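Down below is the structure, laid out as structure tokens.
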Amino acid sequence: MTNVAQPAATAAPKVELIGRIISVHGSRADVGIPAMSPQGPEEKRITVGKFLGVAVGKTLLVGLVTDVSMRAEARAGEPDAAVAQLDLIGEIRSSDNGVAYFQRGTMCYPGMGDPVIFIGSRELRLIFQSSGSRMIEIGQLQQDGAIPAAVDVDEMLSKHFAVLGTTGVGKSSAIALLLQQILQARPDLRVLLLDVHNEYGRCFGERAQVLNPNNIKLPFWLFNFDEIVDVLFGGRPGIDEEVDFLSEVIPLAKSSYAQQIGLASRIVKPGEGVGIRYTLDVPVPYRIADLLSLLDARMGKLENRASRMIYHKLMMRIETVCNDPRYAFMFENANVGGDTMADILATLFRLPPNGKPMTIMQLAGFPSEVVDALVSVTCRMAFDLGLWSDGGAPLLVVCEEAHRYMAADHSVGFAPTRRAISRIAKEGRKYGVFLGLVSQRPAELDPTILSQCSTLFAMRMTNDRDQELLRSAVADTAANLLAFLPSLGTGEAFAFGEGVALPTRLKFKPLPAQTLPRSDTMGEEASGEHGPLDGRSLAAVIDRWRGRISRQRPGAADEPRSANVPSPALQPGAAPPLAAAAAPALDPNRFRLLKRPLEEQAGHGGSERPMLEIPRR
């Protein structure tokens, strides 16, 4: 071995020469190195994933070893018996005042015979030093555990990020760690975490509000037309005729309610004399009773039996969903009214935070057929809030199991959900709405949305399709790192993109046991502490299954009101007797026009089913 003078940028007198450049191919270079003894010290071993430096004048080029092989014709003892392939990814230079600094990319390229040296701890610290104003430490470098792995929070958030990896590699722990560090570095930021498996409830202690079907109120009128159709039809495509009728009466129901509580007289300009009209998707309150009353009135004017049947089926469909206890978070006060949108936004997006800047929405307790619509309305409102507030309320939306909502196959999944998340990915940064994706199936993610994530944390993956998708999403100089993904350990990741100084391998910091993500449904109960299921506990499970325990629906007379849902009587401009009035008694002859042509059909479904109370006109 011989020694060469270190470039001025590194400010050290001498370094150890380990080889020389023997070929250059664009941003790649081959280095002739001696065959290293297996008994050599670890810091002196040249292996894949390690950094090496190429001395070019006063500049030190930094490269990552991606391949090591022996030359077939090499003889024992030759100084270049082996060849290491380097991907050149940056350089250490010296400023005019002699201060060393690191910059990504290369302005000069190596020549034949240029010396190659080890990158030591000093150089690594210079490369990965926390130069940004908001840097968070999330772990340690794999090459040197004494050097922290830092991420630039502003770069990572403003251009979105993703955590990808197969099942069981520590994605949930990585997300919990990232969010904890982000909240410390950005106290002005609020976080909305869509928790598919109910596993983050205990990770953030008193800093997070946990929402589930038991304590959330998302009234049906907040859902746009596509979302409410998805709810009414149970996640299946809507029937065209019923959808058309619904699109006609929803705006009328909104106008009717506005007139009842006196809003129309304030909004309509003097002298116009025409009631206010709403579009399908504007989020203003209306009542299910008014909606059904309008459908009933239209059905009563028809003579054609087939058309009456369409109205009848649509009304039965609406009533069935409204009476389902699993949908109580949407329809519990369907006929009460009251504009609670401000309270809902304040609760959902933590405005003001009041010491809890994070919301965890646990989706596992909601009916599976409504989860897509629920994610859609939540993400859509998150973007709209940023849009109409001019970015005054920065928000990070973290989507677990993102492939469920943004599948690469556009024929799969709920289109409005894809549009809502895609809008955040493409335009959210302009309005202070940021996106974090988590997925164990990157190949099934929409590549358009994934391409908007400029910082990627790639954990262990063995699927070739997943690796190929990532290869197309990262820079060419880092693509070779993806070959190492199948060999990563639990809690290890390769970090790429704008948030990190260099594509590098790191190990996330371990979390305390009490903050580790753990599913609420597979926690202590799964350990057997409560014993096996017996007859009584099985009955309780069935009651929860049917929605009787988790969401008890009290009667109208003794129904308690949520503390954060104000009474309609207190709403500005509302008419208390009318807004809170109960619907009139059921008319037993309500469907007499429908029954006459069908009397010969015995046992027609729904004719004797109790209906929601609807005012007669």
Side-chain angles (χ1 to χ4, degrees), residues 129-139 148-163 174-195 200-211 216 341-361 378-400 420-421 423-438 452-455 457 495 497-501 508-509 511 515 564:
Q129 66 183 353
S130 301
S131 58
S133 58
R134 290 176 176 170
M135 302 291 291
I136 58 174
E137 295 184 5
I138 59 173
V151 178
D152 189 317
V153 173
D154 293 329
E155 289 291 333
M156 181 178 70
L157 292 180
S158 63
K159 300 176 184 178
H160 313 311
F161 70 94
V163 178
I175 282 293
L177 172 65
L178 285 171
L179 294 182
Q180 289 173 3
Q181 297 294 321
I182 289 172
L183 289 175
Q184 291 181 8
R186 288 286 303 267
D188 63 317
L189 184 74
R190 284 114 46 259
V191 178
L192 172 64
L193 174 58
L194 302 177
D195 186 2
Y200 293 97
R202 69 192 71 202
C203 296
F204 304 94
E206 295 298 323
R207 302 201 68 191
Q209 172 186 245
V210 180
L211 297 180
I216 192 175
M341 186 171 179
D343 298 304
I344 293 167
L345 292 178
T347 300
L348 192 59
F349 302 120
R350 308 307 302 149
L351 297 169
N354 295 326
K356 293 186 177 183
M358 183 174 186
T359 298
I360 302 174
M361 181 173 286
T378 303
C379 293
R380 178 176 53 79
M381 289 195 302
F383 180 86
D384 287 343
L385 178 63
L387 173 65
W388 296 109
S389 67
D390 296 324
L395 174 69
L396 169 63
V397 179
V398 181
C399 187
E400 267 273 5
I421 299 177
R423 198 177 183 194
I424 295 176
K426 295 177 181 178
E427 306 175 46
R429 61 185 299 239
K430 303 175 185 177
Y431 308 107
V433 184
F434 314 120
L435 182 65
L437 302 181
V438 188
Q452 301 293 325
C453 297
S454 297
T455 302
F457 298 92
E498 301 294 334
V500 293
F508 288 107
K509 292 192 295 187
L511 291 172
T515 62
N564 59 358

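What you see is a predicted model; the values in this text were computed from it and never measured.
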Q: State which residues pass side-chain contact (heavy atoms from CB on, under 4.5 Å) with D390; sequence neighbours excluded, sorted by chain then number.
A: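 Per chain and number, D390 pairs via side-chain contact (heavy atoms from CB on, under 4.5 Å) with no residue.
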Answer yes or no: is there a donor N or O on one side and an acceptor on the other, between the side chain of [X] and the main chain of [Y], under 3.5 Å?
| X | Y | result |
| --- | --- | --- |
| R380 | A420 | no |
| H160 | Q452 | no |
| T359 | L348 | yes |
| E155 | T455 | no |

Rounded distance [0.5 Å steps], [atom1] in [X] versus [atom2] in [Y]:
| X | Y | atom1 | atom2 | answer |
| --- | --- | --- | --- | --- |
| Q209 | T347 | CD | OG1 | 6.0 Å |
| I136 | K509 | CD1 | NZ | 8.5 Å |
| E427 | L387 | CD | CG | 8.5 Å |
| R350 | R207 | CZ | CZ | 12.0 Å |
| Q184 | L189 | CD | CG | 13.0 Å |
| L435 | L395 | CG | CG | 10.5 Å |

Measure across [X] and [Y] and return the closest heavy-atom pair with its distance rounded to 0.1 Å.
| X | Y | result |
| --- | --- | --- |
| F349 | L385 | CD1-CD2, 3.7 Å |
| G386 | V433 | CA-CG2, 4.0 Å |
| D195 | G201 | OD2-N, 4.3 Å |
| L345 | L351 | O-CD1, 4.4 Å |
| M156 | F161 | CG-CB, 3.6 Å |

Q: Over 60° means perpendicular and under 30° means parallel, so classify the ring planes of F457 and F508, tilted if in between.
A: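 F508 vs F457 ring planes: tilted.
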Residue pair [X] / [Y], side-chain heavy-atom distance below 4.5 Å:
| X | Y | result |
| --- | --- | --- |
| M361 | I216 | yes |
| I175 | Y200 | yes |
| L194 | C379 | yes |

Q: Going by the side-chain contact (heavy atoms from CB on, under 4.5 Å) test, name the single residue among M135, E498, R186 that passes it with D154.
A: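 For D154, the side-chain contact (heavy atoms from CB on, under 4.5 Å) check succeeds only for R186.
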Q. Got a sec, which pairs hit ring-ring contact (aromatic ring centres under 6.0 Å, His included) with one end in residues 378-397, sequence neighbours left out?
A.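 Sorted result for residues 378-397: F383-Y431.
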Q. After noting the C-alpha distance and the side-chain angles of D152 and K159, does the key distance pass the salt bridge (Lys or Arg N to Asp or Glu O under 4.0 Å) rule?
A. CA-CA 11 Å; D152 189 317; K159 300 176 184 178; over 6 Å; no
Q: Show the numbers, then the answer: is there a side-chain contact (heavy atoms from CB on, under 4.5 Å) between T378 and V397?
A: CA-CA 10 Å; T378 303; V397 179; over 6 Å; no
